[in-house]
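Below is one structure, written out as structure tokens, with a few remarks after it.
Proteins get letters first, then strands, A, B, ... in listed order; numbering begins at 1 in each.
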Number of protein chains: 2
Amino acid sequence: MVQTPKRLTRQQSAVAEALRSGEDFTSAQDLHARLRSSGNPIGLATVYRTLQTLAGDGDVDVLRTDDGESVYRHCSTGHHHHLVCRACGKTVEVEGPMVEKWADKISAQNGFRDVRHTLEIIGTCSECPA
Amino acid sequence: MVQTPKRLTRQQSAVAEALRSGEDFTSAQDLHARLRSSGNPIGLATVYRTLQTLAGDGDVDVLRTDDGESVYRHCSTGHHHHLVCRACGKTVEVEGPMVEKWADKISAQNGFRDVRHTLEIIGTCSECPA
DNA sequence: AGTGGTTTTGACAATCATTCTCACTCGGGC
DNA sequence: GCCCGAGTGAGAATGATTGTCAAAACCACT
């Protein structure tokens, strides 16, 4: 198995940087538009590719909005979940050790292996009107 | 506000029935194909519309597969979560009262209102190879 | 059973995020 | 500086979902 060389390109840095500086979840399309308008020529396909790679490496979190769009966010720390405001998009990272344990227990009880889980909580934050 | 009459059509029954008889999550496309091939003429758009309605009424559960396809499943009982086999699609419904409480608590602590959450656990079940 | 007014349907076009294609470019080891 | 394969990008392709709108079906009323 030959390990593929990992080149460091301007585009990849740009995407990673843009994600790192953003607070909230961002769609690939948005990211592309933002990079473009900030004088950073980059192809849409490249944005998608880079995001996939980053997500695969666990450097960013991915989740799907209700309308089927994938959104990305830079996430440094280990496993955690998200509390998202449906109005303004504000995101709070939360941890729930008991949830992890519960999921593991349930899985074991049903004979499931290699288990992963996703948990998202969406609501309206205190700064947004009803 | 005049309440729109709810007509009972052959197509709607067919979709509801097909969902009720199915065990696992099914995509709209699959459902459409299955209805068609079982001698039940129905339009794709109608399948989507009906599924949306059913989902809105809380008669079916919706979730998104990793590749962005919406899948539907008939779910009788109240709020619960799913343990899904990534290989064969087998689905186990599970409840987690403590998870609900945890989610509520976290939300309250962060000042969120009108909170909903989604939790899916995926793994490989005991009957599927690694 | 017939009629009318409205909802629902369905074939097809349109949309839209994402992926594919493939010729071209550039990073970096020599 | 040279080379070559990984990386890029413009546009086409894909594929699920939604919109359109004339035609069909439903139901209340006679």
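Between B:His82 and B:Phe25, the ring center distance clears the sub-6.0 Å criterion.
If you check the side chains of B:Gln52 and B:Tyr72, you find no donor sitting under 3.5 Å from an acceptor. The closest side-chain donor-acceptor pair between A:Arg10 and A:Asn40 falls under 3.5 angstrom. Between B:Thr124 and B:Arg86, the side chains place a donor N or O and an acceptor N or O closer than 3.5 Å (distance only, hydrogens not considered).
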Listing time: all N or O pairs from protein to nucleotides 15-18 of chain C that are below 3.5 Å?
residue: C:dT18; atom: OP1; partner: A:Ser70; partner atom: N; Å: 2.8
residue: C:dT18; atom: OP1; partner: A:Ser70; partner atom: OG; Å: 3.3
residue: C:dT18; atom: OP2; partner: A:Tyr48; partner atom: OH; Å: 2.5
residue: C:dT18; atom: O5'; partner: A:Tyr48; partner atom: OH; Å: 3.3

Provide a list of protein-nucleic acid N or O atom pairs under 3.5 angstrom, restricted to nucleotides 28-30 of chain C.
none

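Side-chain nitrogen and oxygen atoms of A:Arg36 include at least one within less than 4.0 Å of the OP1 or OP2 phosphate oxygen of D:dA10. Dashed line: the shortest gap from a side-chain N or O of B:Gln11 to OP1 or OP2 of C:dG10 is under 4.0 Å. Contact annotation: A:Gln12 side-chain N/O to D:dT8 OP1/OP2 distance is under 4.0 Å.
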Residue pair A:His81, A:Glu100: steps toward the side-chain hydrogen bond (donor to acceptor under 3.5 Å, both in side chains) verdict: CA-CA 10 Å; A:His81 300 292; A:Glu100 318 297 328; 3.0 Å; yes
Criterion side-chain contact (heavy atoms from CB on, under 4.5 Å) on A:Val47 and A:Gln11, from CA distance to verdict: CA-CA 8 Å; A:Val47 175; A:Gln11 290 88 338; over 6 Å; no
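Distance CG (A:Asp67) to C1' (D:dT17): 11 Å, rounded to an integer number of Å.
Classification of B:Arg73 and B:Glu93 as a salt-bridged pair holds, one side-chain N sitting under 4.0 Å from a carboxylate O. Ion pair B:Glu120/A:Arg116 not flagged as a salt bridge, since none of the NZ, NE, NH1 or NH2 atoms sits closer than 4.0 Å to an Asp/Glu carboxylate oxygen.
If you check distances only, the side chain of A:Arg10 never reaches the base of D:dG7 with a donor-acceptor pair under 3.5 Å.
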